[in-house]
Amino acid sequence: MAKHPTPLLDQLESGPWPSFVSDLKELAEHRAKTASKIEYQIPVEVVDDILGLLELTYKDGCTHWKHGGIVGVFGYGGGVIGRYCDQPEKFPGVAHFHTMRVNQPGGKFYKTEYLRQLCDLWDFRGSGITNMHGSTGDIIFLGTTTPQLEEIFYELTHKLNQDLGGSGSNLRTPSDCIGQARCEWACYDTQDLCYQLTMDYQDELHRPAFPYKMKFKFDGCPNCCVASIARADFSFIGTWRDDIKINQEAVQAYIGGELKPNAGEHSGRDWGKFDIQKEVIRLCPTQCMWMEGKKLMIDNKECNRCMHCLNVMPRALRIGDDRGLSILVGAKAPILDGAQMGSLLVPFIKVEPPYDEIKEIIEKIWDWWMEEGKNRERLGELIKRQGFQKLLEVTGIQPDPRHVKEPRSNPYIFWKEEEVEGGWTRDINEFRKHHLR
Amino acid sequence: MDYAEAKAKIVEELTKKLKTKSKFYFNDLADILGLKPREAKKLINDMVADGTLEYWSSGSTSMYGLKGTGKQAAAEHEA
């Protein structure tokens with residue numbers, strides 16, 4: 001028998017899709033049934049009360065959570081987010097309902113044994129409710145009380161060899177794709193770079209001193225499975241600078257139908273015979289492919305790494321051998337000024353441990369952002385406010401045609417007098433007569 | 001600037017402002033110290049470690065306050 005009636009939430013169970021409401025009800029029932037066997041460390045009715053509170057939230061049309069909190073674990077300024085309910089008498093089980101962010105393993109590889117250990121710990125000392133995974137990539141534990149925080153942190157770090165992730169004005173938990181562990185397109189070892197930067201920047205991850213959040217995401221190739229280009233202040237996207245490797249026999253096998261396009265991904269319906277012109281060549285965004293007789297040709301210098309041809313014909317086309325990554329900066333979600341995609345800063349850099357060249361760029365940008373960034377200003381907003389040219393100046397990177405989206409539409413490259421051979425011919429005082437500041 | 005001097009400055013300035021606000025951005029503290037953020041960070045971290053300051057987080061943003069000050073500090077210790 002449910003503790004609180006939830007007619008509004010019940011409607012969310014009526015569709016054909018899986019419902020978190022059904023999951024929560026099942027968990028609430030499970031906790032009630034096992035309460036005599038397990039010494040739960042937070043109120044048994046936590047899940048019942050979260051359902052009741054959510055129902056009230058829908059009914060009232062406003063949140064019943066207070067804003068933020070001071071709780072945390074010793075020495076860390078992130079990884080724990082204080083959550084308090086403003087109706088603790090009605091819903092005592094969620095009077096405290098803190099979130100803990102657990103730094104997910106690289107590429108989100110884990111054994112079932114590890115997941116069981118995490119879940120056992122969270123059932124015992126928390127609500128048992130998890131979010132696999134948060135948008136930052138963390139394993140998120142939803143709902144525990146203040147006295148449990150240090151206990152959970154101790155168990156995680158001492159028994160599961162597992163750290164908390166980032167939250168607040170910290171470096172957030174770096175997130176990567178599965179990379180070379182399983183993917184033929186990975187241009188660098190995403191997991192190694194992600195791990196090394198996580199270890200090297202522990203202070204930035206756990207002790208907040210940035211103007212706002214800061215995200216690193218690592219994509220092994222331009223397919224961008226982690227969507228770093230849309231979400232991360234620093235996106236590290238694998239690329240190559242030589243030619244796409246072509247296996248002409250395999251190209252013919254695709255044309256002849258012996259090999260299925262997209263590795264058979266769309267085989268649930270009959271799309272007719274594979275047409276390389278229609279399905280690959282004409283879809284190339286830079287029109288850099290053509291057939292010469294039976295030979296597929298690519299003008300590689302025009303390729304913008306959209307990955308479409310490689311995805312359609314993976315046996316025929318392979319990434320080049322001279323591999324590295326591109327660094328894009330400034331992507332963010334739409335809080336201020338709308339969403340922003342990352343802007344290309346470093347077109348190509350080799351990815352070699354101990355990654356000093358990459359760290360040098362990161363740290364120069366951090367120094368600039370920490371000094372110049374306004375409170376709650378993301379890196380992308382600072383770049384917009386002070387200009388991409390300023391970013392080039394602080395990183396010491398020379399302007400490059402690849403920084404420009406289209407000629408004359410990115411007017412951010414301004415020449416300084418000392419950079420122009422022969423100096424200026426114009427008189428600034430004469431200029432100012434007609435052009436006020 | 002040595003630690004004792006930095007701590008005294010922070011405590012004095014934050015106490016002065018307590019009537020109007022109890023939570024401060026990191027850059028506010030760096031400005032009080034007149035130091036670059038990276039230099040200020042070491043001192044501010046030590047002030048958190050010795051219990052002079054405490055973190056506050058909304059989840060997306062982090063702020064600092066004198067330990068035990070502000071409405072929320074009292075409310076959080078009620079339950």
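What you see is a predicted model, and the numbers here were worked out from it, not measured in a lab. Throughout, a chain's letter reflects where its sequence line sits, starting with A, and its residues are numbered from 1.
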Ring centroid separation H98(A) to Y84(A) under 6.0 Å: yes
Ring centroid separation H64(A) to F91(A) under 6.0 Å: no
Residue selection (most heavy-atom pairs with chain B, distance under 4.5 Å) from R83(A), R101(A), R207(A), R172(A): R207(A)
Heavy-atom pair count under 4.5 Å with chain B, highest-scoring of K374(A), K213(A), R376(A): R376(A)
Side chain, backbone, both or neither of P208(A) within contact of chain B (heavy atoms, under 4.5 Å): both
Contact class of Y76(A) relative to chain B, heavy atoms under 4.5 angstrom: backbone
From F210(A), F234(A), Y212(A), residue fulfilling side-chain contact (heavy atoms from CB on, under 4.5 Å) relative to L379(A): F234(A)
Residue from V102(A), D163(A), V73(A) passing side-chain contact (heavy atoms from CB on, under 4.5 Å) with L156(A): V102(A)
Toward chain A, the part of Y55(B) with a non-hydrogen atom under 4.5 Å: both
Most contacts with chain A, counted as non-hydrogen pairs under 4.5 angstrom, among A30(B), S58(B), S60(B), S57(B): S60(B)
Parallel, tilted or perpendicular, as decided by the 30° and 60° cut-offs, for the rings of W122(A) and F141(A): parallel
